[in-house]
Amino acid sequence: MDVISVIRAKRDRGELTADQIDWVIGAYTRGEVAHEQMSALAMAIFLNGMNRTEIARWTAAMINSGERMDFSSLTRPTADKHSTGGVGDKITLPLAPLVAACGAAVPQLSGRGLGHTGGTLDKLEAIPGWRAQLTNPEMLDVLRDVGSVICAAGDGLAPADKKLYALRDVTGTVESIPLIASSIMSKKIAEGTGSLVLDVKVGSGAFMKNLDDARELAATMVELGTDHGVRTTALLTDMATPLGLTAGNALEVRESVEVLAGGGPRDVVDLTLALAREMLDAAGLPDADPAKALADGSAMDHWRRMILAQGGDPDAPLPVAHEQHTVTASATGILTGLDAYAVGLAAWRLGAGRARKEDPVQAGAGVELHAKPGDFVAAGQPLLTLHTDTPEKLPYALEALDDQVVVGPADTTFAGTPVVWERIG
Ligand code: URA
């Protein structure tokens with residue numbers, strides 16, 4: 001087998017054989033296929049796609065590139081959720097302890113933000129002392145004691161995806177349905193969860209910009225999960241505008257704690273509850289009541305135990321950025337547009353995200369929203385507060401928001417978007 005013939009086959013719109021796929025994934029993981037060769041293959045796949053047979057084999061090869069975890073010693077059913085990535089998407093933070101409070105075990109292997117989308121681990125690291133890196137036995141201990149754990153995937157889990165995802169990020173090959181589906185599902189299947197709910201984001205702040213593409217991605221992932229014996233469903237959810245009122249690490253932790261305390265923005269609460277119900281159904285716990293667990297403090301209790309178990313101090317003050325800058329409404333009327341991608345890019349430029357994998361992030365940086373599309377706003381009223389430790393970046397963050405915050409006439413009839421568009425599976 002040689003890599004050039006595999007690249008040529010996909011470049012010329014051919015179907016890759018099972019042997020070609022197994023070989024190229026194995027050889028890339030071992031370092032026998034060079035990054036530039038894998039880049040060419042990823043771009044050929046990005047441009048020419050893969051059919052479902054190829055995607056299934058590609059996913060299986062990525063699973064087989066590493067270890068599989070085993071949660072069979074747990075007495076509770078396991079349930080996991082994965083989001084395809086968005087702006088202000090802090091849902092994992094309240095969701096994992098909430099679902100644990102309802103009786104499931106939630107092994108949440110999460111990632112870091114790259115580009116304009118935030119990462120769950122970066123958010124939690126804003127909590128003083130909190131540790132993302134756990135060994136497999138430590139992870140099992142937290143799961144057993146608390147019921148939920150949010151941590152980084154160990155190096156042994158789907159190492160082919162680790163290399164390939166980092167490569168895709170710097171070669172313009174992220175937004176590809178076959179590559180996203182296989183990347184997410186290889187990790188989730190190798191993780192060994194019994195059930196999985198996918199939160200497939202749709203809109204400017206998501207990788208999938210329209211419903212048709214999101215449907216195709218969701219259906220592909222649901223089929224992959226089901227074929228591997230994981231009960232898998234997907235919700236297509238809105239990402240045209242940021243989720244909640246914050247985008248940025250410590251800012252999002254603060255908002256998540258508000259949700260766990262029984263408050264928080266309506267869209268964050270609604271989506272957390274919708275995903276919790278899906279997870280509990282898939283885990284065989286359809287009678288559990290997540291709204292009650294939010295209201296009676298049991299979800300908050302699980303959150304505190306989960307943070308403590310990973311070295312964090314749930315009572316410590318969260319970091320605050322050194323500088324704040326307020327953006328005000330230019331006119332009186334209805335806020336009709338607040339673009340998710342623009343807010344994500346602004347938060348990233350303020351220091352909440354990283355340009356390269358090894359860059360540090362600022363815990364306090366980000367964007368706070370004071371109004372959401374559909375709200376009435378008065379000229380001069382604060383609309384956004386930008387937070388940063390590097391004020392020299394403010395002009396670039398403001399540039400990202402240019403023309404993306406739109407105030408229409410006061411009599412505008414605003415047709416909002418639903419939090420959940422569709423369910424698949
Ligand atoms: N999340 C992943 O884990 N992989 C992708 O390709 C996109 C989002």
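Note that ligands are numbered from 1 as they come in the structure, with each ligand's atoms numbered from 1 the same way. Note that the structure is a prediction, hence the values are computed from the model and not measured. Side-chain atoms are counted along with the backbone in the values below, which use heavy atoms only and exclude waters and symmetry mates.
- The backbone N or O of Lys372 sits less than 3.5 Å from a side-chain atom of Asp375, completing a donor-acceptor pair.
- Each of His387, Glu255, Glu368 was scored for a side-chain hydrogen bond (donor to acceptor under 3.5 Å, both in side chains) with Thr246, with one residue passing: Glu255.
- A salt bridge links Glu191 with Lys188; the closest basic N to acidic carboxylate O contact falls under 4.0 Å.
- Counted by atom type alone, Asp238 and Thr417 present one or more donor-acceptor pairs between their side chains at under 3.5 Å.
- Nearest protein neighbour of atom 5 (C) of ligand 1, counting heavy atoms only, is Tyr165 CE1, 3.2 Å.
- A donor and an acceptor atom, one from each side chain of Ser204 and Lys209, are nowhere located under 3.5 Å apart.
- The shortest contact between atom 4 (N) of ligand 1 and any protein heavy atom is with Ser183 OG, 2.7 Å.
- For atom 3 (O) of ligand 1, the nearest protein heavy atom (residue, atom name, distance) is Lys187 NZ, 2.5 Å.
- Assignment of Ile184 to the shell around ligand 1 is supported, since a heavy atom sits closer than 4.0 Å.
- Residue Thr84 has no nitrogen or oxygen atom sitting less than 3.5 Å from a nitrogen or oxygen atom of ligand 1, judged on distance alone.
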